[in-house]
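The first residue in the sequence is number 1, and the count goes up from there.
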Amino acid sequence: MSDIIKLLPDSVANQIAAGEVIQRPASVIKELVENAIDAKATEVTIVLKDAGRTLIQVVDNGIGMSPTDARMAFERHATSKISAANDLFALNTMGFRGEALASIAAIAQVEMISMRRDDTVGTHIYISGSKVESQQPTAAVPGTNIMVKNIFFNVPARRKFLKKDSVELNNVLHEFERLALVNPDVDLTIIHNDITLHQLRHAPLKQRIGNLFGKSIEKQIIPIETETSIVKLSGFVGLPENARKRGALQYLFVNGRNMRHPYFHKAILNCYEQLIRADEQPNYFVDFHVDPSTIDVNIHPTKNEIKFENEQAIWQILNAAVRESLGKFNAVPSIDFDNSDNVPDIPAFAPDANAMPDFSAATDYNPFAESAASQSHAPCQHRANRPFDDWEKLYQSFENTPETPVHPDSDTLFANGIGGPADDVVASRINGFDAPDGNDSIDGEASPKSTIQLNDKYIITPTASGLLIVDKYRAHVRVLYESYAKNCENSSIPSQKVMFPEAVNLTPARIAILNEYKEDIFSMGFELEAMTVDTWVINGIPAGISDSDNVQLLTSMLDDLQMGTDVTQRSVRQSIALHLARAAAVNASRQLSESEVEHLLSQLFSLSTPAYTPDGNKVMVEISTAEIKSMF
């Protein structure tokens, strides 16, 4: 029997390696830009066509390559960055395996022009599918110019898994942001389809953050700085009030390299436990400087996962540094004892021995009864010795019967909203407190209300089997979502003009999503107008949305559109409908009248799935009579 184990050809081996190193156009950009940084480039320009599907071009002003080096650079495991295994523990470069260019050349058509600074002529090399087609001298400028064309042209199975251009461009921009943050001293430009998306000049890290994500972010972050024998930490963390439910900016760097580290992420989140809500995330940009011999970057093909030798000690140092920064900049709430306006009025009477109850007469003592002596020391007689002279106003307040506060728009909140007309009763799902004889009164008094509002957040109502507790806000979100989703399927949602148009600065990633789903967003009631490349104006919002932050609504909606996967028009509009429902739903501070509560419940229980919000949160909980009995 003949031997069956054979050595794979280089072209096949390179394609296998490329499957781990090169996953999409963003991976190519990461590898090429990191090579440019390692070549001591101070200016790097990225040019894309069709989100990198047709062309990825990276031009740098680095040290360049000789003709021999240019040819060797595309061989597997050929590198100038290490020469022995021990060099892995003293790395000062981004690359070191010598796999990136070989992997790229295996799945694309590559042209490279490179020239060293002291040379007078450069070299031009063309490779297709790992095969060198030509190499010849050419006129050039110092540095390297690499063009990667038709990515995955010879691997159709991989090419068909590429997402639509907007998704791939979004991934490219996220990778560009990571590269820009970790290299603030390098000028970086990215151009897509002849449109300049970013043109960043070298700047301090804080300014680079503002250039990438908008100048407003610079006012929302505070510095973090500490140095020990184990690690030096620097960077910025976000103020608690600027935490985000979606799209939080969270970046960790180590020795000039991006990394993902759930353990250190948890250390930072731990500092915000009592400062932000459980569903919010803080922004942070933290740079670690450690001895290269104490980390291992060679545990994942993308080199984003890094193992630390002193992980637990660094966790403690990071946690303490973030807490110190939050405390130093008054991010932690405190009580102002010097402000007399915050001090409550306290009765200024002294204890009286005669006011103490007589415990010897146990049969006459009532702990709930107020003694005559205690009544004689009424607090209003001793409140900071301030005379009360507006007696007429006080008597009027006694004569007026307090009424349940009702929102001025309560008549139209539900009746004229998109939820539809109100039902007359909720008896199909809820049994109220009815009098035994069927009348509406008991012993001549009005019967109790069938619903109670607890803390202006929950609605409590009796059912045939116990008590039902409904989250008011989530219930309204569920009702409004069904209406928005139904209306957007049948026709577009009408738009209402805003009194004062609002300008919003959008990142290139958000602009790409906006352009991709512009038709769906406009059909849902938004009126947007482009003023500049990155500035849009909100002229109109969907009807029924009021008292909302329109800029926050738009940006969070763009961030939450299903990125990374192919989406249908239906799923896009459903995602938008959910954001509109959240913006229009009644908040916890809004007191509803009894009729509004009944109307909301009738709409909720008319739905086929009233128990959960569209994103899976509970709307209601039932406590059975048996559970209530067990409490007693």
Side-chain angles (χ1 to χ4, degrees), residues 23-37 41 43-48 51-52 56 58 60 94 163 165-192 195-218 220-221 234-238 242 244 246-254 256-261 265 268 281-288 302-304 504-515 533-534 555-556 558-561 563-564:
Q23 301 166 355
R24 51 173 28 108
S27 306
V28 176
I29 290 172
K30 172 185 179 295
E31 299 295 343
L32 296 183
V33 172
E34 286 183 348
N35 280 347
I37 301 300
E43 297 179 11
V44 180
T45 300
I46 304 166
V47 180
L48 303 173
I56 302 170
V58 176
D60 68 67
M94 298 297 100
K163 310 303 180 185
D165 285 358
S166 62
V167 176
E168 294 301 339
L169 180 59
N170 187 62
N171 288 318
V172 166
L173 290 171
H174 283 316
E175 190 61 54
F176 178 85
E177 290 164 1
R178 287 189 282 267
L179 292 166
L181 289 171
V182 82
N183 298 291
D185 55 339
V186 178
D187 295 349
L188 290 169
T189 303
I190 183 168
I191 302 169
H192 177 245
I195 298 175
T196 301
L197 303 181
H198 279 300
Q199 190 168 14
L200 307 175
R201 297 305 176 197
H202 59 279
L205 177 59
K206 188 173 185 179
Q207 187 177 339
R208 174 60 59 91
I209 293 171
N211 291 337
L212 279 171
F213 306 111
K215 291 298 181 183
S216 60
I217 193 70
E218 295 185 38
Q220 302 172 8
I221 54 178
S234 60
F236 301 89
V237 293
N242 300 117
R244 303 181 178 186
R246 292 170 184 81
L249 306 173
Q250 298 177 337
Y251 297 90
L252 297 176
F253 323 118
V254 58
R257 186 188 305 275
N258 286 283
M259 71 169 175
R260 290 191 299 267
H261 207 293
H265 169 74
I268 298 174
Q281 293 277 325
N283 300 318
Y284 60 75
F285 311 83
V286 182
D287 192 8
F288 298 71
T302 61
K303 295 170 283 191
N304 283 334
V504 52
N505 290 324
L506 297 177
T507 62
R510 287 171 175 164
I511 292 173
I513 300 304
L514 176 57
N515 288 328
V533 174
D534 58 352
T555 55
S556 64
L558 294 175
D559 290 340
D560 204 42
L561 284 175
M563 298 306 302

Determine, step by step, whether Ile209 and Leu249 satisfy the side chain to side chain contact (heavy atoms under 4.5 Å, CB included) criterion, reporting the C-alpha distance in whole Å, the side-chain angles of both residues, the deciding distance to 0.1 Å, and the verdict.
-> CA-CA 10 Å; Ile209 293 171; Leu249 306 173; 5.7 Å; no
Where do Glu31 and Val58 land on the side chain to side chain contact (heavy atoms under 4.5 Å, CB included) test, with the steps shown first?
-> CA-CA 10 Å; Glu31 299 295 343; Val58 176; over 6 Å; no
Show your reasoning for whether side chain to side chain contact (heavy atoms under 4.5 Å, CB included) applies to Arg201 and Arg208.
-> CA-CA 8 Å; Arg201 297 305 176 197; Arg208 174 60 59 91; 5.9 Å; no
Evaluate the side chain to side chain contact (heavy atoms under 4.5 Å, CB included) criterion for residues Ile37 and Leu179: first the C-alpha distance (whole Å), next the side-chain angles of each, then the deciding distance (0.1 Å), finally the verdict.
-> CA-CA 10 Å; Ile37 301 300; Leu179 292 166; over 6 Å; no
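A side chain to side chain contact (heavy atoms under 4.5 Å, CB included) with Val33 is found for exactly one of Val28, Val44, Val186, namely Val44.
A 4.5 Å side-chain heavy-atom check between Asn283 and Phe236 finds every atom pair outside the cut-off. Within the 4.5 Å cutoff, side-chain heavy atoms of His265 are placed close to those of Gln281. Leu48 has its side chain out of reach of Ile191: every pair of non-hydrogen atoms, C-beta onward, lies at least 4.5 Å apart. Residues His261 and Phe288 have side chains not in contact (no heavy-atom distance under 4.5 Å, counting atoms from C-beta outward).
In this structure, CD1 on Ile511 lies 10.0 Å from CG on Leu558, to the nearest 0.5 angstrom. Atoms CD1 and OG1, from Ile46 and Thr189 in turn, are 8.5 Å apart once rounded to the nearest 0.5 Å. Note that the CZ atom of Arg257 and the CG atom of Leu252 stand 14.5 Å from one another [nearest 0.5 Å]. Residue Ile190 holds its CD1 atom at 9.5 Å from CD of Glu177, rounded to the nearest 0.5 Å. To the nearest 0.5 Å, atoms CG (Leu200) and CG (Leu181) are separated by 9.0 Å. How far CG of Asp287 is from CG of Asn258: 9.5 Å, rounded to the nearest 0.5 Å.
Aromatic pair Tyr251/Phe285: centroids less than 6.0 angstrom apart.
Nearest heavy-atom pair across Pro508 and Leu197 is CG-O, 3.4 Å. The shortest heavy-atom contact between Ala51 and Asp165 is CB-O, 3.4 Å. Annotation for Met259 and Phe253: closest pair CE-O, 4.3 Å, computed over non-hydrogen atoms.
For Asp187 and His202, the side-chain atoms include at least one donor-acceptor pair closer than 3.5 Å.
Checked against ring pair (Phe, Tyr, Trp, His ring centres under 6.0 Å), His198 has the following partners two or more places apart in sequence or in another chain: Phe176. Applying the salt bridge (Lys or Arg N to Asp or Glu O under 4.0 Å) criterion to Glu168, with sequence neighbours excluded, gives Arg24.
With hydrogens and angles disregarded, a donor-acceptor distance shorter than 3.5 Å links the side chain of Asn211 to the backbone of Gln207.
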